[in-house]
Amino acid sequence: MDSASLAARLDGVRGGDSRELDRVCEEVAQELVGAGAEPPFDVVSADFAADARLICADRYWRLRFLQVPDVRTAAACAAWLGAHVAAGARTEVLEKWSLGYAFITRDTVESAAELAEATGEIVTRDTASGDIARFATLYHAGKLRANFCFDELHTFLESSLLALAAGPHRSDPLFTALRAFAAFGSRALTAEYATGLLDEAWGAGARRTRHVVDVCLNGIHAAAPFDGQGELLRSRAQEAVTEYPADHLFRFRLACGQYLCGAHDEALASVERALALLPAVGSRGSHRLLQEQYLGLRTTVLDARLRAGREAEFQRRLEERDAEHRLRWERLEAELRQARSSAVRAVELVAVFTAAIAFAVGSLQVTLNGAIPLRDRLWLITALGAGLAVFALLVVGGTWLITRPVRPSGRRSRNLPPSAR
């Protein structure tokens, strides 16, 4: 095919007309696939929204991967990318293509035998820089990530021949982020280990690309539950939103973190902002799938907020009822104390009057008994008065001892209602 004419067709599309740009790029990509030829032009930017050459190459390789979704196609794509994409845009395009094509072909994970056979060919082809093995590794790892095969992903990145062939690229932040993703989801690895890998990838400075951030947040969100998961996701997603304010996916991750932390109003605002930012175009982004996820989270947040409101209202009513019962119990206790005090006073008064009457009757009998000498009568009257006084004191003291207030001990009575304890 005439590379000059193809480039002219693409360069002649007006950047402001997205539909025309889409149509021409798709047509050229279909023609290249039909002719069995790779794009003959070079790409100098990573602008997937307006660069016609990049969009066309993206459509071309998407068709190729849908036809043959294996690491051999990934190796061919990596070789083309290294030869035709400018160095300044290469990392962005490489990461977007490798993970994006992995996502749309996630239902075609190659077996260990198929992967081993293809790896031998790739290693033979890529003996110097490891660039081709890097792309192929990210592509296969992206499939495992999309299918949430955490343990398989961990094993593949740590020990597969294809990953080892990537050489120095294995220390790239994106590789570390994928290892963190695998560790977060694995039941065999600890959350502390995964968090250490996350911090390593997150702190990569200028080498921390948008895709590194995406994989890190995805790993926290998809992790096996651990203490502090919600707060970690919320804090990291907030950093991502600050750095990429127009990224709808990061707004969605932030909403997930806020929901896990119980901040329902903030989560609702974030997910609605994500829906507003979600573009209605693009094949890799899968607008419908993302929209369903965002709307599903919005419904979940609304339900959770409604339940929280009902629980708060129920708790408020419970507290009011508890306070009412406590007040009634205190009033009842006060009335019981008053009744008990009146009864005690009545017993004491009866004891005193009984002793007085007994003393009067006894002393009168002694006084009127003329056969007893005066001195003996006085002693008898004194002894009678002393005995009756002791009797009255015993009755009053015993009554006080029996009915005295008892200080509550440390253990609460099992017979009292909770509101009165």
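Since we're looking at a predicted model, the values are computed, not measured.
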(message) Heavy-atom count check: over 12 atoms from other residues, nucleotides or ligands less than 6.0 Å from Leu327 CG?
(response) yes
(request) Report yes or no: is the cationic atom of Arg106 (NZ for Lys, CZ for Arg) under 6.0 Å from the centre of the six-membered ring of Phe103, at an angle within 45° of the ring normal? (result) yes
Under 3.5 Å, side-chain donor or acceptor atoms of residues 38-45 against the rest of the protein: list the pairs with distances, not counting sequence neighbours.
| from | atom 1 | to | atom 2 | distance (Å) |
| --- | --- | --- | --- | --- |
| Asp42 | OD1 | His84 | ND1 | 2.9 |
| Ser45 | OG | Asp47 | N | 3.4 |
| Ser45 | OG | Asp51 | OD2 | 2.5 |

(request) Check the side chains of Thr105 and Tyr139 for a donor-acceptor pair under 3.5 angstrom, ignoring hydrogens and angles. (result) yes
(message) Counting only heavy atoms not in Arg316 (residues, nucleotides, ligands), do more than 12 fall under 6.0 Å from its CZ?
(response) yes
(request) Any salt bridge (charged side-chain N to carboxylate O under 4.0 Å, His left out) involving residues 68-84? Give me the pairs, sequence neighbours left out, ordered by first then second residue. (result) Arg72-Glu117, Arg72-Glu121
(request) Determine the minimum heavy-atom distance between Ala52 and Leu21, stating which atoms define it. (result) CB-CD1, 3.5 Å
(request) Just grab all the salt bridge (charged side-chain N to carboxylate O under 4.0 Å, His left out) pairs involving residues 289-306, residues at least two apart or on different chains. (result) Asp265-Arg305, Glu272-Arg298, Arg288-Glu292
(message) On the six-membered ring of Tyr294, is Arg251 placed so that its NZ or CZ lies under 6.0 angstrom from the centre and within 45° of the ring axis?
(response) no
(request) Determine, for Arg234 against Glu231, whether the closest basic-nitrogen to carboxylate-oxygen distance falls under 4.0 angstrom. (result) yes
(request) Under the side-chain hydrogen bond (donor to acceptor under 3.5 Å, both in side chains) rule, collect the residues that match up with Glu192, sequence neighbours excluded. (result) none
(request) Look at the rings of Tyr259 and His264 and say which category their plane angle falls in: under 30° parallel, 30 to 60° tilted, over 60° perpendicular. (result) tilted
(message) Under the rule for salt bridge (Lys or Arg N to Asp or Glu O under 4.0 Å), what residues qualify as partners of Arg207, not counting sequence neighbours?
(response) Asp172
(message) What I'd like to find out is whether the side chain of Phe65 reaches to under 4.5 Å of the side chain of Cys77, using heavy atoms alone.
(response) yes
(message) Salt bridge or not between Glu27 and Arg9? Use side-chain N to carboxylate O under 4.0 Å.
(response) yes
(request) If a pair satisfies salt bridge (charged side-chain N to carboxylate O under 4.0 Å, His left out) and one of its residues is in residues 141-160, list it, with sequence neighbours excluded. (result) Arg145-Asp214, Glu158-Arg179
(message) For a quick test of reading the model, state the closest non-hydrogen atom pair linking Ala46 to Ala89 and the distance between them.
(response) N-CB, 3.7 Å
(request) Could you pull out the closest heavy-atom pair between Phe184 and Ala191, with the gap in Å? (result) CE2-O, 4.4 Å
